[in-house]
Amino acid sequence: MDTAEARVIAQGFDPNRLSADFYENPYDIYAALRTHEPVHRCPDGSYFLSRFADLDEIYRDRTHFSSDKKAVFGPKFGPDSPLYEHHTTSLVFNDPPYHTRVRRQIVAALSPNALRALEPGVTALVDRLLEQLEERQRFDLIADFAAAIPVEVIGNLLRVPREDRGPLRAWSLAILGALETELTVEQRARGNTAVVEFTAYLRGLIAERRRHALGATDLLTRLLQEAELTESELLQNCVFLLNAGHETTTNLIGNGLYLLLNHAESGDRLRSDPQLIATAVEECLRLESPNQLGNRLVSQPVTVGGVVLEPDTYLTLCIGAANRDGQEFPDPERFDIARRPNRHLAFAAGAHACAGMGVARLEAQVALLRTVQRLPGLRLAGGGTRARRARFRGFLALPAELS
Ligand code: HEM
């Protein structure tokens with residue numbers, strides 16, 4: 001696209017009216033926005049930001065920006081809806097002191113020691129799944145592999161009985177799907193039903209855990225015992241944790257496999273130098289960020305990129321665009337599994353930075369490295385099917401085969 005065309009596209013960009021092509025490849029439009037309209041005023045009066053430096057600053061600034069979304073989710077979901085109760089009660093869409101209280105327990109439960117203890121289980125699970133793939137020869141890398149890992153790990157962290165985990169993925173997709181920029185009546189209905197069913201299930205689990213909590217150190221028990229939460233706060237934060245730990249990590253593993261299989265030389269390099277797995281996962285997070293969009297509300301007058309923003313202005317922070325900003329990342333479109341430094345914003349930054357990033361990294365490192373090592377003949381079998389989502393980037397299906 002030439003400069004004049006890019007400028008027109010950037011000026012006319014409306015995140016509430018996205019084309020089918022956008023979901024396949026949003027990056028050309030993001031590049032146009034970064035260059036011509038880095039602080040872009042959308043038709044609904046909100047702003048869409050795409051430069052790394054602006055996002056990095058906003059994520060770290062609690063004085064001028066708020067995570068509290070009640071004013072936004074009221075009109076979007078209806079103030080009496082289950083979706084409203086869920087999204088306005090989970091820690092991610094709140095400010096201190098409530099946010100700090102809940103976050104403290106989660107961070108404590110996901111300490112480096114806790115992560116180390118998870119690793120053997122993750123490795124055994126990944127190896128078991130890879131053996132099943134070897135037996136089948138043709139399979140879907142999402143349903144048969146990527147999606148099976150996070151549900152197990154986050155299920156274990158909260159000690160959700162294995163036989164109850166079946167509906168978790170569908171609930172999670174429906175609840176997080178309701179955060180999309182464009183929302184249909186059906187999506188909203190599915191999201192509301194999922195919140196009702198999910199919380200009804202958790203109510204039973206929490207009652208059970210209260211009866212048998214002695215000595216338990218799982219995440220659910222910690223929140224139950226130490227965070228002084230009301231019943232609704234406890235339920236909605238558990239729903240959030242199960243969701244947050246789930247679809248995003250599935251997408252990281254799926255996107256990572258897609259990148260490695262489409263860049264065979266990177267797969268070969270990783271196979272011969274497994275130490276590269278840590279930087280390889282960071283590069284997958286940067287180039288195909290599973291969570292592409294974040295939001296903040298302006299709480300104090302502030303100027304960003306030369307634009308004056310008044311209180312109550314709603315901001316969409318485009319992580320997917322910031323992570324390909326040439327001002328921060330040399331040769332930003334290149335997939336470089338040894339890239340250093342790589343200060344990407346895939347987990348955001350500041351006080352709300354992803355509390356589960358250690359868990360996500362562990363899962364992805366084990367899953368990608370073991371796959372590359374154990375299945376050298378792995379090939380994609382046709383194109384994948386992308387979810388029609390702007391916020392969460394990943395595949396619904398990714399058919400593959402062994403040659
Ligand atoms: C690749 C996988 C993941 C990605 C890309 C991701 C991304 C993010 C991002 C961007 C945020 C900040 C949201 C905001 O403030 O606007 C966030 C918050 C959060 N994430 Fe993750 N996440 C991932 C996996 C996980 C996992 C595995 C867990 C739990 C085990 C988790 C738990 C959380 C929690 C609790 C928060 C809220 C933190 C707070 O508000 O203080 N995430 N995540």
Side-chain angles (χ1 to χ4, degrees), residues 49 55-56 58-62 65-69 72 87-111 114-115 118 122 146-147 149-158 160 172 176 179 218-220 222-223 227 236-256 281-297 314-320 322-323 344-365 367-368 391-394:
L49 288 83
L55 266 69
D56 194 39
I58 293 171
Y59 271 128
R60 293 171 201 281
D61 179 348
R62 279 196 136 173
F65 306 98
S66 161
S67 288
D68 189 317
K69 304 285 184 335
V72 179
H87 285 305
T88 56
T89 311
S90 73
L91 80 156
V92 71
F93 297 135
N94 275 283
D95 293 327
Y98 174 65
H99 166 258
T100 319
R101 194 153 50 89
V102 181
R103 184 177 169 99
R104 194 176 300 132
Q105 297 308 323
I106 296 174
V107 169
L110 301 178
S111 66
L115 292 184
L118 285 180
V122 174
I149 301 164
V151 70
E152 188 75 7
V153 173
I154 192 72
N156 288 348
L157 277 168
L158 284 136
V160 174
S172 157
L176 292 183
L179 293 174
D218 63 89
L219 193 42
L220 176 52
R222 263 178 192 274
L223 289 173
Q236 304 302 351
N237 278 297
C238 287
V239 169
F240 174 74
L241 271 167
L242 283 158
N243 291 342
H246 193 163
E247 187 184 350
T248 45
T249 316
T250 300
N251 289 346
L252 171 58
I253 297 170
N255 294 347
V281 166
E282 298 313 301
E283 183 67 343
C284 297
L285 281 158
R286 181 189 73 82
L287 202 62
E288 286 286 9
S289 307
N291 189 345
Q292 295 259 313
L293 306 177
N295 297 99
R296 288 295 184 268
L297 210 57
Y314 190 56
L315 308 181
T316 297
L317 307 179
C318 186
I319 291 173
N323 281 343
H344 64 75
L345 292 171
F347 293 122
H352 282 273
C354 178
M357 64 174 91
V359 181
R361 283 181 166 131
L362 169 68
E363 290 178 52
Q365 289 179 9
L368 296 184
R391 187 174 295 274
F392 297 104
R393 183 161 176 83

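In each ligand, atom 1 is the first atom listed, and ligand 1 is the first ligand listed.
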Exercise. Of the protein's non-hydrogen atoms, which lies at the shortest distance from atom 35 (C) of ligand 1, and what is that distance?
Worked result: Phe240 CE2, 3.6 Å
For this session: Supply the atom-to-atom distance Ile319 CD1 to His344 NE2, rounded to the nearest 0.5 angstrom.
Result: 10.5 Å
Problem set entry | Stepwise side-chain contact (heavy atoms from CB on, under 4.5 Å) check, Phe65 with Leu297 | CA-CA 6 Å; Phe65 306 98; Leu297 210 57; over 6 Å; no
For this session: Could you check atom 30 (C) of ligand 1 against the protein and tell me its nearest heavy-atom contact, residue, atom and distance included?
Result: Ile154 CD1, 3.6 Å
Seminar exercise, completed: One should read off an interatomic distance between Leu118 CG and Leu157 CG, to the nearest 0.5 angstrom, of 5.0 Å
Problem set entry | Leu252 contact mode with ligand 1 (heavy-atom cut-off under 4.0 Å) | side chain
Seminar exercise, completed: Closest to atom 13 (C) of ligand 1 among protein heavy atoms sits Val92 CG2, 3.7 Å
Exercise. Could you give the distance from CZ (Arg361) to SG (Cys354), rounded to the nearest 0.5 Å?
Worked result: 9.0 Å
For this session: Answer yes or no: is there a side-chain heavy-atom contact under 4.5 Å between Ile149 and Thr249?
Result: no
For this session: Using a 4.0 Å heavy-atom threshold (strictly under), name the region of Ala351 that reaches ligand 1: side chain, backbone, both or neither.
Result: backbone
For this session: Between His352 and ligand 1, find which residue part has any heavy-atom pair under 4.0 Å and reply side chain, backbone, both or neither.
Result: both
Exercise. Which of the atoms in ligand 1, numbered in the order shown and given with their element, are less than 4.0 Å from a heavy-atom of Arg103?
Worked result: 38 (C), 39 (C), 41 (O)
Problem set entry | Those residues that, when tested against Asn295, pass side chain to side chain donor-acceptor pair (under 3.5 Å) (two or more places apart) | Tyr314, Thr316, Arg391
For this session: Identify the protein heavy atom lying closest to atom 16 (O) of ligand 1, giving its residue, its atom name and the separation to 0.1 Å.
Result: Arg296 NH1, 3.1 Å
For this session: Verify the distance criterion only: is there a donor paired with an acceptor across the side chains of His352 and Arg296 at less than 3.5 Å?
Result: no
Exercise. With side chains defined as the heavy atoms from C-beta onward, is the minimum distance between Ile106 and Leu91 less than 4.5 Å?
Worked result: yes
For this session: For atom 21 (Fe) of ligand 1, count the protein N, O or S atoms found under 2.8 Å away.
Result: 1
Exercise. Any idea which atoms of ligand 1 are less than 4.0 Å away from a heavy-atom of Ala348?
Worked result: 10 (C), 12 (C)
Problem set entry | Any side-chain heavy-atom pair of Leu252 and Cys284 under 4.5 Å | yes
For this session: Answer with yes or no whether the side chains of Asn291 and Thr248 bring together a donor and an acceptor at under 3.5 Å.
Result: no
Exercise. So, does Ser289 use its side chain to make a donor-acceptor pair with the main chain of Gln292 at under 3.5 Å?
Worked result: no
For this session: For ligand 1, note which part of His99 has a heavy atom under 4.0 Å away: side chain, backbone, both or neither.
Result: side chain
For this session: From the options Gly294, Pro290, Ala346, select the one whose nearest heavy atom is closest to atom 10 (C) of ligand 1.
Result: Ala346
